[in-house]
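Data block below; observations after.
From a predicted model like this one, the values you see are computed outputs, not experimental measurements. Chain identifiers are assigned alphabetically (A, B, ...) following the order of the sequence lines, protein sequences preceding nucleic acid strands; residue numbering begins at 1 within each chain. Just the heavy atoms: all of them, side chains too, but no hydrogens, waters or symmetry mates, feed the values below.
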Amino acid sequence: MPDEIYFLCILHNIGAISLEKSMSIEEISQWTVMEPQKVRENLDKLISTQYIQKTYRDGSERYHVTINGIRKVLSMYS
Amino acid sequence: MKRGHTKMKVCMLTWEFPPRIVGGIARHCYGLTRALAKLGHEMHVVTLEFPGVSDFEDVEDVKVHRVKIELGHPNFITWTLIFNHFMEKRVAALSHLIDFDIIHVHDWLTTPSGIASKNYLNKPMVCTVHSTEVGRVQHLKSPDSYMIDGLEWWMMYEAKSVIMCSNFMMKEVVNHFHLPQEKVSIIPNAIDAHEYAVDVDKEAVRKRYGVMPHEKLVVFIGRLVPQKGVEYLIRAIPLIVRNHGETKFLIAGDGWSRSNLESMATATGYGNKIRFLGFIPDSERIELLKSADVLVIPSIYEPFGIVALEGMTAGVPVVASNVGGLSEIIEHDRTGMLAYSENPESFAWCVNKVLSDHGYADWIIENAKKKVNEEYSWESVARKVSEVYEKTCER
(Lines give C-alpha, C1' and ligand atoms only; values in the text may rest on other atoms or scores of the structure.)
Protein backbone atom coordinates (compact mmCIF):
# COMPACT_ATOMS: atom_id res chain seq x y z
CA MET A 1 0.00 0.00 0.00
CA PRO A 2 1.41 3.44 -0.88
CA ASP A 3 2.65 5.41 2.16
CA GLU A 4 0.24 8.26 1.67
CA ILE A 5 -2.76 5.90 1.61
CA TYR A 6 -1.63 4.32 4.86
CA PHE A 7 -1.32 7.84 6.22
CA LEU A 8 -4.84 8.65 4.95
CA CYS A 9 -6.16 5.60 6.84
CA ILE A 10 -4.60 6.85 10.06
CA LEU A 11 -6.12 10.31 9.60
CA HIS A 12 -9.50 8.68 9.09
CA ASN A 13 -9.15 6.39 12.10
CA ILE A 14 -8.15 9.20 14.44
CA GLY A 15 -11.33 11.00 13.45
CA ALA A 16 -10.29 13.89 11.19
CA ILE A 17 -13.29 13.32 8.94
CA SER A 18 -15.03 16.68 8.82
CA LEU A 19 -14.33 20.39 8.99
CA GLU A 20 -15.22 20.49 12.69
CA LYS A 21 -12.80 17.65 13.42
CA SER A 22 -10.00 18.95 11.23
CA MET A 23 -6.47 18.93 12.69
CA SER A 24 -3.31 20.97 12.50
CA ILE A 25 -0.01 19.57 11.25
CA GLU A 26 1.29 19.49 14.83
CA GLU A 27 -1.70 17.47 16.05
CA ILE A 28 -1.41 15.04 13.14
CA SER A 29 2.31 14.71 13.78
CA GLN A 30 1.63 13.75 17.40
CA TRP A 31 -1.05 11.19 16.53
CA THR A 32 0.94 9.57 13.75
CA VAL A 33 4.37 9.82 15.43
CA MET A 34 5.66 11.28 12.17
CA GLU A 35 7.94 14.27 11.54
CA PRO A 36 5.98 17.43 10.54
CA GLN A 37 7.89 17.58 7.25
CA LYS A 38 6.83 14.00 6.35
CA VAL A 39 3.26 14.81 7.42
CA ARG A 40 3.23 17.80 5.10
CA GLU A 41 4.55 15.74 2.16
CA ASN A 42 1.81 13.15 2.62
CA LEU A 43 -0.85 15.83 3.04
CA ASP A 44 0.24 17.58 -0.16
CA LYS A 45 -0.06 14.33 -2.14
CA LEU A 46 -3.50 13.65 -0.70
CA ILE A 47 -4.73 17.20 -1.33
CA SER A 48 -3.75 16.85 -4.99
CA THR A 49 -5.89 13.70 -5.27
CA GLN A 50 -8.73 15.40 -3.34
CA TYR A 51 -8.74 12.90 -0.51
CA ILE A 52 -7.77 15.62 1.98
CA GLN A 53 -9.03 19.18 2.26
CA LYS A 54 -7.02 22.06 3.68
CA THR A 55 -8.87 24.84 5.50
CA TYR A 56 -7.90 27.77 7.72
CA ARG A 57 -9.12 28.40 11.23
CA ASP A 58 -7.89 31.37 13.28
CA GLY A 59 -5.09 31.86 10.80
CA SER A 60 -3.74 28.32 11.03
CA GLU A 61 -3.91 25.46 8.55
CA ARG A 62 -6.27 22.58 9.32
CA TYR A 63 -6.72 19.30 7.44
CA HIS A 64 -9.51 16.75 7.21
CA VAL A 65 -10.41 13.69 5.12
CA THR A 66 -12.95 14.40 2.35
CA ILE A 67 -15.95 12.19 1.52
CA ASN A 68 -13.97 10.58 -1.30
CA GLY A 69 -11.11 10.06 1.13
CA ILE A 70 -13.42 8.32 3.59
CA ARG A 71 -14.63 6.03 0.81
CA LYS A 72 -11.05 5.34 -0.24
CA VAL A 73 -10.19 4.23 3.31
CA LEU A 74 -13.31 2.18 3.87
CA SER A 75 -12.87 0.37 0.57
CA MET A 76 -9.93 -1.45 2.14
CA TYR A 77 -12.03 -3.12 4.75
CA SER A 78 -15.44 -3.76 3.22
CA MET B 1 -50.20 -18.89 10.34
CA LYS B 2 -47.72 -19.06 7.50
CA ARG B 3 -44.11 -18.47 8.49
CA GLY B 4 -42.74 -14.97 7.91
CA HIS B 5 -45.99 -13.15 8.79
CA THR B 6 -45.18 -12.07 12.36
CA LYS B 7 -44.35 -8.36 12.47
CA MET B 8 -41.13 -7.75 14.33
CA LYS B 9 -39.07 -4.90 15.71
CA VAL B 10 -35.68 -5.34 14.17
CA CYS B 11 -32.43 -3.65 15.18
CA MET B 12 -30.01 -3.90 12.26
CA LEU B 13 -26.36 -2.99 12.77
CA THR B 14 -24.23 -2.09 9.76
CA TRP B 15 -21.15 0.07 9.39
CA GLU B 16 -22.29 1.35 6.00
CA PHE B 17 -25.69 2.59 4.89
CA PRO B 18 -26.32 5.14 2.10
CA PRO B 19 -24.93 7.69 1.54
CA ARG B 20 -22.03 5.98 3.32
CA ILE B 21 -21.50 3.51 0.48
CA VAL B 22 -18.33 1.47 0.39
CA GLY B 23 -19.16 -1.92 -1.02
CA GLY B 24 -22.15 -4.18 -1.38
CA ILE B 25 -23.22 -4.07 2.29
CA ALA B 26 -24.69 -0.56 2.03
CA ARG B 27 -26.73 -1.48 -1.02
CA HIS B 28 -27.80 -4.76 0.55
CA CYS B 29 -28.96 -3.13 3.78
CA TYR B 30 -30.73 -0.32 1.91
CA GLY B 31 -32.69 -2.70 -0.30
CA LEU B 32 -33.42 -5.26 2.41
CA THR B 33 -34.56 -2.87 5.15
CA ARG B 34 -36.97 -1.02 2.86
CA ALA B 35 -38.45 -4.31 1.65
CA LEU B 36 -38.76 -5.63 5.22
CA ALA B 37 -40.49 -2.39 6.25
CA LYS B 38 -42.95 -2.89 3.38
CA LEU B 39 -43.75 -6.32 4.83
CA GLY B 40 -44.74 -4.56 8.06
CA HIS B 41 -41.63 -5.00 10.20
CA GLU B 42 -40.47 -2.05 12.30
CA MET B 43 -36.96 -1.51 10.98
CA HIS B 44 -34.25 0.36 12.87
CA VAL B 45 -30.79 0.68 11.34
CA VAL B 46 -27.92 1.69 13.60
CA THR B 47 -24.99 2.82 11.50
CA LEU B 48 -22.08 5.26 11.44
CA GLU B 49 -22.08 9.00 10.88
CA PHE B 50 -21.30 10.50 7.50
CA PRO B 51 -20.48 14.14 6.70
CA GLY B 52 -23.53 16.20 5.78
CA VAL B 53 -26.13 13.63 6.84
CA SER B 54 -28.35 13.94 9.92
CA ASP B 55 -28.09 11.69 12.97
CA PHE B 56 -31.63 10.42 12.45
CA GLU B 57 -33.55 9.90 9.24
CA ASP B 58 -36.70 8.10 8.16
CA VAL B 59 -35.97 6.43 4.82
CA GLU B 60 -39.19 4.92 3.43
CA ASP B 61 -40.27 3.72 6.91
CA VAL B 62 -36.77 2.62 7.86
CA LYS B 63 -35.51 4.47 10.92
CA VAL B 64 -31.83 5.22 10.42
CA HIS B 65 -29.84 6.13 13.53
CA ARG B 66 -26.34 7.44 12.79
CA VAL B 67 -23.77 7.17 15.51
CA LYS B 68 -21.05 9.74 16.11
CA ILE B 69 -17.63 8.29 16.74
CA GLU B 70 -16.37 10.44 19.58
CA LEU B 71 -12.89 8.93 19.83
CA GLY B 72 -10.30 7.84 17.33
CA HIS B 73 -7.25 5.65 17.14
CA PRO B 74 -4.68 5.18 14.36
CA ASN B 75 -5.12 1.40 14.38
CA PHE B 76 -8.11 0.25 12.35
CA ILE B 77 -9.09 -2.63 14.63
CA THR B 78 -8.97 -0.41 17.69
CA TRP B 79 -11.01 2.19 15.83
CA THR B 80 -13.55 -0.52 14.97
CA LEU B 81 -13.88 -1.56 18.61
CA ILE B 82 -14.35 2.09 19.58
CA PHE B 83 -17.16 2.70 17.08
CA ASN B 84 -18.81 -0.54 18.21
CA HIS B 85 -18.88 0.88 21.72
CA PHE B 86 -20.78 3.94 20.45
CA MET B 87 -23.16 1.73 18.46
CA GLU B 88 -23.82 -0.38 21.51
CA LYS B 89 -24.58 2.76 23.52
CA ARG B 90 -27.10 3.87 20.89
CA VAL B 91 -28.81 0.45 20.86
CA ALA B 92 -29.01 0.60 24.66
CA ALA B 93 -30.64 4.05 24.50
CA LEU B 94 -33.09 2.91 21.81
CA SER B 95 -33.98 -0.20 23.79
CA HIS B 96 -35.57 2.04 26.47
CA LEU B 97 -38.07 3.14 23.82
CA ILE B 98 -38.34 0.06 21.61
CA ASP B 99 -38.68 -3.55 22.66
CA PHE B 100 -36.59 -5.12 19.90
CA ASP B 101 -37.39 -8.70 18.91
CA ILE B 102 -34.20 -9.43 17.06
CA ILE B 103 -30.69 -8.10 16.41
CA HIS B 104 -29.28 -8.43 12.88
CA VAL B 105 -25.59 -7.77 12.18
CA HIS B 106 -23.68 -7.66 8.90
CA ASP B 107 -20.09 -8.96 8.83
CA TRP B 108 -17.48 -8.72 11.57
CA LEU B 109 -17.39 -4.94 11.65
CA THR B 110 -20.47 -4.61 13.84
CA THR B 111 -20.12 -7.94 15.61
CA PRO B 112 -18.96 -6.67 19.04
CA SER B 113 -21.94 -4.32 19.40
CA GLY B 114 -24.29 -6.99 18.04
CA ILE B 115 -23.14 -9.59 20.55
CA ALA B 116 -23.25 -7.13 23.46
CA SER B 117 -26.77 -6.01 22.45
CA LYS B 118 -27.93 -9.60 22.10
CA ASN B 119 -26.74 -10.42 25.60
CA TYR B 120 -27.99 -7.41 27.52
CA LEU B 121 -31.32 -7.35 25.70
CA ASN B 122 -31.61 -11.14 25.90
CA LYS B 123 -32.79 -11.27 22.28
CA PRO B 124 -31.65 -13.56 19.50
CA MET B 125 -29.09 -12.43 16.95
CA VAL B 126 -29.04 -13.13 13.21
CA CYS B 127 -25.95 -12.41 11.15
CA THR B 128 -25.41 -12.04 7.43
CA VAL B 129 -21.97 -13.00 6.16
CA HIS B 130 -21.09 -11.02 3.05
CA SER B 131 -17.48 -12.18 2.84
CA THR B 132 -14.77 -13.57 5.07
CA GLU B 133 -11.27 -12.38 5.94
CA VAL B 134 -9.74 -15.66 4.81
CA GLY B 135 -11.43 -15.22 1.43
CA ARG B 136 -10.54 -11.55 1.08
CA VAL B 137 -6.84 -11.89 1.88
CA GLN B 138 -6.56 -15.52 0.65
CA HIS B 139 -4.16 -16.44 3.50
CA LEU B 140 -4.30 -15.23 7.08
CA LYS B 141 -0.91 -13.77 7.82
CA SER B 142 -1.19 -10.60 9.90
CA PRO B 143 -2.35 -10.09 13.50
CA ASP B 144 -5.24 -7.96 12.23
CA SER B 145 -6.36 -10.76 9.89
CA TYR B 146 -6.29 -13.31 12.69
CA MET B 147 -8.31 -10.94 14.86
CA ILE B 148 -10.92 -10.39 12.13
CA ASP B 149 -11.11 -14.12 11.46
CA GLY B 150 -11.67 -14.67 15.18
CA LEU B 151 -14.44 -12.06 15.27
CA GLU B 152 -16.12 -13.74 12.30
CA TRP B 153 -16.09 -17.07 14.10
CA TRP B 154 -17.41 -15.42 17.24
CA MET B 155 -20.22 -13.71 15.30
CA MET B 156 -21.41 -17.03 13.83
CA TYR B 157 -21.06 -18.81 17.15
CA GLU B 158 -23.24 -16.24 18.93
CA ALA B 159 -25.82 -15.95 16.14
CA LYS B 160 -28.83 -18.21 16.24
CA SER B 161 -29.14 -18.03 12.47
CA VAL B 162 -26.56 -17.25 9.82
CA ILE B 163 -27.52 -15.93 6.40
CA MET B 164 -25.20 -16.33 3.40
CA CYS B 165 -25.68 -15.01 -0.08
CA SER B 166 -24.50 -18.04 -2.09
CA ASN B 167 -23.69 -21.76 -1.96
CA PHE B 168 -20.07 -20.79 -2.45
CA MET B 169 -20.10 -18.74 0.75
CA MET B 170 -21.91 -21.46 2.63
CA LYS B 171 -19.24 -24.03 1.71
CA GLU B 172 -16.40 -21.63 2.51
CA VAL B 173 -17.82 -20.73 5.91
CA VAL B 174 -18.93 -24.22 6.93
CA ASN B 175 -15.48 -25.61 6.05
CA HIS B 176 -13.41 -22.85 7.55
CA PHE B 177 -15.36 -22.23 10.76
CA HIS B 178 -16.88 -25.73 11.22
CA LEU B 179 -20.27 -24.09 11.44
CA PRO B 180 -23.30 -26.41 11.90
CA GLN B 181 -25.10 -26.36 8.58
CA GLU B 182 -28.54 -26.26 10.22
CA LYS B 183 -27.83 -22.69 11.38
CA VAL B 184 -27.35 -21.55 7.80
CA SER B 185 -29.86 -20.13 5.31
CA ILE B 186 -28.82 -19.24 1.79
CA ILE B 187 -30.58 -16.08 0.64
CA PRO B 188 -29.19 -14.26 -2.39
CA ASN B 189 -28.70 -10.55 -2.80
CA ALA B 190 -31.22 -8.66 -4.89
CA ILE B 191 -31.70 -5.54 -6.89
CA ASP B 192 -34.30 -2.82 -7.21
CA ALA B 193 -35.14 -3.11 -10.89
CA HIS B 194 -37.34 0.04 -10.77
CA GLU B 195 -34.23 2.18 -10.30
CA TYR B 196 -33.01 0.96 -13.67
CA ALA B 197 -36.29 1.63 -15.48
CA VAL B 198 -35.17 5.11 -16.54
CA ASP B 199 -34.54 6.45 -20.00
CA VAL B 200 -30.94 7.33 -20.58
CA ASP B 201 -29.51 9.38 -23.43
CA LYS B 202 -26.69 6.95 -24.13
CA GLU B 203 -24.94 9.18 -26.58
CA ALA B 204 -24.89 12.09 -24.14
CA VAL B 205 -23.62 9.88 -21.31
CA ARG B 206 -20.87 8.42 -23.48
CA LYS B 207 -19.91 11.87 -24.72
CA ARG B 208 -19.58 13.03 -21.11
CA TYR B 209 -16.91 10.40 -20.63
CA GLY B 210 -15.19 11.12 -23.95
CA VAL B 211 -16.61 8.09 -25.78
CA MET B 212 -17.55 8.81 -29.39
CA PRO B 213 -20.70 7.30 -31.00
CA HIS B 214 -18.67 4.90 -33.17
CA GLU B 215 -16.59 3.62 -30.25
CA LYS B 216 -17.31 0.57 -28.08
CA LEU B 217 -17.49 1.03 -24.32
CA VAL B 218 -16.21 -1.53 -21.82
CA VAL B 219 -16.90 -0.78 -18.16
CA PHE B 220 -15.71 -1.99 -14.77
CA ILE B 221 -17.45 -0.85 -11.57
CA GLY B 222 -16.16 -1.79 -8.14
CA ARG B 223 -13.58 -1.25 -5.46
CA LEU B 224 -10.00 -1.02 -6.68
CA VAL B 225 -8.53 -3.70 -4.43
CA PRO B 226 -6.68 -6.89 -5.48
CA GLN B 227 -9.65 -9.22 -4.88
CA LYS B 228 -11.55 -7.44 -7.68
CA GLY B 229 -8.95 -8.57 -10.24
CA VAL B 230 -8.92 -5.31 -12.23
CA GLU B 231 -5.33 -6.01 -13.29
CA TYR B 232 -6.58 -8.94 -15.42
CA LEU B 233 -8.96 -6.65 -17.27
CA ILE B 234 -6.14 -4.16 -17.84
CA ARG B 235 -3.90 -6.95 -19.14
CA ALA B 236 -6.70 -8.03 -21.48
CA ILE B 237 -7.02 -4.57 -23.01
CA PRO B 238 -4.30 -4.95 -25.70
CA LEU B 239 -5.96 -8.22 -26.78
CA ILE B 240 -9.33 -6.51 -27.03
CA VAL B 241 -7.99 -3.46 -28.85
CA ARG B 242 -6.30 -5.76 -31.39
CA ASN B 243 -9.79 -6.86 -32.49
CA HIS B 244 -11.76 -3.75 -31.68
CA GLY B 245 -9.46 -0.78 -32.10
CA GLU B 246 -12.19 1.78 -31.43
CA THR B 247 -12.89 0.83 -27.83
CA LYS B 248 -12.75 2.85 -24.60
CA PHE B 249 -12.42 1.41 -21.11
CA LEU B 250 -13.91 3.15 -18.08
CA ILE B 251 -12.94 1.99 -14.61
CA ALA B 252 -15.26 3.36 -11.94
CA GLY B 253 -14.51 3.05 -8.24
CA ASP B 254 -11.68 3.69 -5.86
CA GLY B 255 -9.45 1.78 -3.50
CA TRP B 256 -5.90 1.49 -2.29
CA SER B 257 -4.68 -0.25 -5.49
CA ARG B 258 -5.75 2.63 -7.71
CA SER B 259 -2.34 4.20 -8.25
CA ASN B 260 -0.79 0.79 -9.08
CA LEU B 261 -3.58 0.09 -11.55
CA GLU B 262 -3.21 3.51 -13.16
CA SER B 263 0.50 2.81 -13.70
CA MET B 264 -0.32 -0.61 -15.12
CA ALA B 265 -2.88 0.95 -17.50
CA THR B 266 -0.30 3.44 -18.78
CA ALA B 267 2.21 0.61 -19.28
CA THR B 268 -0.14 -1.21 -21.68
CA GLY B 269 0.49 1.57 -24.20
CA TYR B 270 -3.26 2.20 -24.38
CA GLY B 271 -3.48 4.70 -21.54
CA ASN B 272 -5.38 7.09 -23.84
CA LYS B 273 -8.20 4.53 -24.08
CA ILE B 274 -8.45 3.84 -20.35
CA ARG B 275 -9.98 6.26 -17.87
CA PHE B 276 -10.26 5.95 -14.09
CA LEU B 277 -13.39 7.71 -12.87
CA GLY B 278 -13.06 7.33 -9.09
CA PHE B 279 -16.17 6.83 -6.99
CA ILE B 280 -19.38 7.60 -8.89
CA PRO B 281 -22.82 8.18 -7.31
CA ASP B 282 -25.68 5.73 -7.93
CA SER B 283 -27.45 7.84 -10.57
CA GLU B 284 -24.27 8.02 -12.61
CA ARG B 285 -23.65 4.32 -12.05
CA ILE B 286 -27.00 3.45 -13.63
CA GLU B 287 -26.41 5.80 -16.58
CA LEU B 288 -22.98 4.34 -17.17
CA LEU B 289 -24.20 0.75 -17.06
CA LYS B 290 -27.08 1.50 -19.42
CA SER B 291 -24.68 3.15 -21.87
CA ALA B 292 -21.99 0.44 -21.89
CA ASP B 293 -21.44 -2.34 -24.43
CA VAL B 294 -19.91 -4.77 -21.92
CA LEU B 295 -19.57 -4.92 -18.14
CA VAL B 296 -16.50 -6.84 -17.00
CA ILE B 297 -16.26 -8.33 -13.48
CA PRO B 298 -12.78 -9.88 -13.24
CA SER B 299 -12.88 -10.72 -9.49
CA ILE B 300 -10.65 -13.40 -8.04
CA TYR B 301 -12.84 -13.63 -4.93
CA GLU B 302 -16.53 -12.73 -5.03
CA PRO B 303 -18.96 -14.20 -2.49
CA PHE B 304 -21.93 -12.84 -4.45
CA GLY B 305 -21.28 -10.05 -6.95
CA ILE B 306 -24.27 -7.69 -6.78
CA VAL B 307 -22.76 -5.64 -9.63
CA ALA B 308 -23.53 -8.58 -11.95
CA LEU B 309 -27.23 -8.18 -11.15
CA GLU B 310 -26.92 -4.44 -11.78
CA GLY B 311 -25.43 -5.05 -15.21
CA MET B 312 -27.98 -7.71 -16.08
CA THR B 313 -30.86 -5.40 -15.09
CA ALA B 314 -29.35 -2.43 -16.92
CA GLY B 315 -29.28 -4.45 -20.13
CA VAL B 316 -25.53 -4.73 -20.62
CA PRO B 317 -23.87 -8.07 -21.39
CA VAL B 318 -21.84 -9.24 -18.40
CA VAL B 319 -18.45 -10.93 -18.70
CA ALA B 320 -17.39 -12.23 -15.28
CA SER B 321 -14.86 -14.52 -13.64
CA ASN B 322 -16.03 -18.05 -13.09
CA VAL B 323 -15.67 -17.75 -9.31
CA GLY B 324 -17.83 -17.69 -6.19
CA GLY B 325 -21.30 -16.26 -6.41
CA LEU B 326 -20.73 -15.04 -9.97
CA SER B 327 -20.78 -18.66 -11.17
CA GLU B 328 -24.16 -19.08 -9.50
CA ILE B 329 -25.73 -15.88 -10.85
CA ILE B 330 -24.49 -16.17 -14.42
CA GLU B 331 -25.20 -19.12 -16.66
CA HIS B 332 -22.37 -19.17 -19.17
CA ASP B 333 -23.43 -18.57 -22.76
CA ARG B 334 -27.03 -17.86 -21.75
CA THR B 335 -27.27 -15.01 -19.23
CA GLY B 336 -23.69 -13.79 -19.55
CA MET B 337 -20.18 -15.08 -20.16
CA LEU B 338 -17.90 -16.67 -17.58
CA ALA B 339 -14.17 -16.28 -18.12
CA TYR B 340 -11.34 -18.18 -16.46
CA SER B 341 -10.31 -16.31 -13.34
CA GLU B 342 -6.96 -14.44 -13.45
CA ASN B 343 -6.75 -15.12 -17.20
CA PRO B 344 -6.54 -12.00 -19.44
CA GLU B 345 -6.78 -14.10 -22.64
CA SER B 346 -10.05 -15.60 -21.47
CA PHE B 347 -11.50 -12.16 -20.62
CA ALA B 348 -10.39 -10.78 -23.97
CA TRP B 349 -11.97 -13.72 -25.79
CA CYS B 350 -15.31 -13.20 -24.04
CA VAL B 351 -15.34 -9.41 -24.51
CA ASN B 352 -14.41 -9.77 -28.19
CA LYS B 353 -17.20 -12.30 -28.69
CA VAL B 354 -19.82 -9.96 -27.20
CA LEU B 355 -18.54 -6.93 -29.08
CA SER B 356 -18.44 -8.81 -32.40
CA ASP B 357 -21.79 -10.55 -32.32
CA HIS B 358 -24.69 -8.15 -31.69
CA GLY B 359 -27.33 -10.87 -32.03
CA TYR B 360 -25.58 -12.92 -29.36
CA ALA B 361 -25.22 -9.89 -27.07
CA ASP B 362 -28.93 -9.06 -27.41
CA TRP B 363 -29.89 -12.66 -26.67
CA ILE B 364 -27.77 -12.67 -23.51
CA ILE B 365 -29.26 -9.35 -22.39
CA GLU B 366 -32.79 -10.64 -22.80
CA ASN B 367 -32.11 -13.88 -20.89
CA ALA B 368 -30.28 -12.01 -18.13
CA LYS B 369 -33.08 -9.49 -17.58
CA LYS B 370 -35.63 -12.29 -17.35
CA LYS B 371 -33.52 -14.17 -14.80
CA VAL B 372 -33.03 -11.14 -12.55
CA ASN B 373 -36.72 -10.25 -12.62
CA GLU B 374 -37.70 -13.81 -11.70
CA GLU B 375 -35.12 -14.59 -9.03
CA TYR B 376 -33.55 -11.49 -7.52
CA SER B 377 -36.20 -9.09 -6.24
CA TRP B 378 -35.92 -7.47 -2.79
CA GLU B 379 -39.51 -8.47 -2.07
CA SER B 380 -38.66 -12.15 -2.43
CA VAL B 381 -35.43 -11.79 -0.43
CA ALA B 382 -37.24 -9.91 2.35
CA ARG B 383 -39.83 -12.70 2.62
CA LYS B 384 -37.05 -15.25 3.06
CA VAL B 385 -35.27 -13.12 5.67
CA SER B 386 -38.60 -12.65 7.43
CA GLU B 387 -38.97 -16.42 7.67
CA VAL B 388 -35.47 -16.68 9.15
CA TYR B 389 -36.39 -14.05 11.78
CA GLU B 390 -39.50 -15.98 12.72
CA LYS B 391 -37.72 -19.34 12.87
CA THR B 392 -34.96 -17.76 14.96
CA CYS B 393 -37.38 -16.33 17.51
CA GLU B 394 -39.28 -19.64 17.78
CA ARG B 395 -36.19 -21.68 18.68
Side-chain angles (χ1 to χ4, degrees), chain A residues 1-36 38-39 41-55 62-78, chain B residues 14-16 19-28 48-53 68-83 86 106-109 130-131 133 136-137 144-145 148 222-228 253-260 262-263 276 278-281:
Chain A
M1 185 192 310
D3 281 353
E4 71 273 15
I5 302 302
Y6 179 68
F7 176 80
L8 180 70
C9 292
I10 295 179
L11 279 189
H12 168 270
N13 295 345
I14 60 178
I17 54 164
S18 61
L19 183 62
E20 306 80 63
K21 295 178 179 179
S22 60
M23 291 183 175
S24 66
I25 289 203
E26 291 70 31
E27 286 168 323
I28 296 170
S29 176
Q30 284 165 5
W31 270 105
T32 57
V33 199
M34 209 177 262
E35 290 299 319
K38 187 71 190 161
V39 169
E41 281 170 25
N42 280 318
L43 287 171
D44 286 343
K45 280 185 197 166
L46 294 166
I47 289 168
S48 70
T49 48
Q50 297 178 347
Y51 295 132
I52 291 282
Q53 191 173 345
K54 178 159 91 171
T55 53
R62 314 282 295 179
Y63 298 86
H64 69 272
V65 184
T66 62
I67 286 177
N68 276 344
I70 294 173
R71 289 200 169 104
K72 178 97 174 175
V73 171
L74 301 184
S75 72
M76 294 176 51
Y77 304 105
S78 181
Chain B
T14 170
W15 86 318
E16 51 171 308
R20 186 187 169 95
I21 299 173
V22 184
I25 296 179
R27 287 190 174 79
H28 176 93
L48 298 184
E49 63 181 324
F50 198 69
V53 191
K68 278 204 186 313
I69 314 164
E70 310 279 358
L71 289 173
H73 191 280
N75 177 271
F76 179 73
I77 300 277
T78 311
W79 174 75
T80 302
L81 297 175
I82 292 169
F83 82 61
F86 289 104
H106 293 264
D107 275 4
W108 69 275
L109 289 141
H130 296 266
S131 67
E133 181 68 3
R136 284 186 297 267
V137 299
D144 282 3
S145 277
I148 293 168
R223 287 177 297 124
L224 302 184
V225 293
Q227 76 180 69
K228 297 294 177 187
D254 209 336
W256 66 268
S257 303
R258 181 172 170 177
S259 56
N260 292 340
E262 284 173 333
S263 305
F276 288 79
F279 177 85
I280 56 169

Given side-chain contact (heavy atoms from CB on, under 4.5 Å), test B:Phe276 with B:Asp254 step by step and report yes or no. CA-CA 9 Å; B:Phe276 288 79; B:Asp254 209 336; over 6 Å; no
Flag the one option from B:Phe76, B:Trp79, B:Trp256 with the top tally of heavy-atom pairs under 4.5 Å to chain A. B:Phe76
Tell me, for A:Ile17 versus chain B, whether the close heavy atoms (under 4.5 Å) come from the side chain, the backbone, both or neither. both
Please examine the side chains of A:Phe7 and A:Ile28, heavy atoms only from C-beta on, and report whether any two atoms are closer than 4.5 Å. yes
Contact leader toward chain A among B:Pro19, B:Gly72, B:Ala26, B:Pro74, where contacts are heavy-atom pairs under 4.5 Å: B:Pro74
Contact origin within A:Tyr51 toward chain B - heavy atom pairs under 4.5 Å: side chain
How far apart are the closest heavy atoms of A:Ile14 and A:Met23, and which atoms are they? CD1-SD, 3.7 Å
Would you call B:Glu262-B:Arg258 a salt bridge at under 4.0 Å N-O? yes
Kindly say whether A:Leu19 contributes a backbone atom to a donor-acceptor pair with the side chain of A:Arg62 at under 3.5 angstrom? no
Please classify the contact of B:Asn260 with chain A as side chain, backbone, both or neither, using a heavy-atom distance under 4.5 Å. neither
Taking the six-membered ring of B:Phe279, is NZ or CZ of A:Arg71 closer than 6.0 Å to its centre and within 45° of its axis? yes
What part of A:Ile70 gets closer than 4.5 Å to chain B, counting heavy atoms only: side chain, backbone, both or neither? side chain
Assess the residue pair B:Asp144 and B:Asn75 against the criterion (side-chain contact (heavy atoms from CB on, under 4.5 Å)); give the C-alpha distance rounded to whole Å, side-chain angles, the decisive distance to 0.1 Å, and a yes or no. CA-CA 10 Å; B:Asp144 282 3; B:Asn75 177 271; 4.2 Å; yes
Counting only heavy atoms closer than 4.5 Å, note whether B:Phe50 contacts chain A via side chain, backbone, both or neither. side chain
Which region of B:Glu70, side chain (C-beta onward) or backbone (N, CA, C, O), has a non-hydrogen atom less than 4.5 Å from a non-hydrogen atom of chain A, or is it both or neither? neither
Below 4.5 Å, heavy-atom pairs only: which of A:Gln50, A:His12, A:Glu20 has the largest tally toward chain B? A:His12
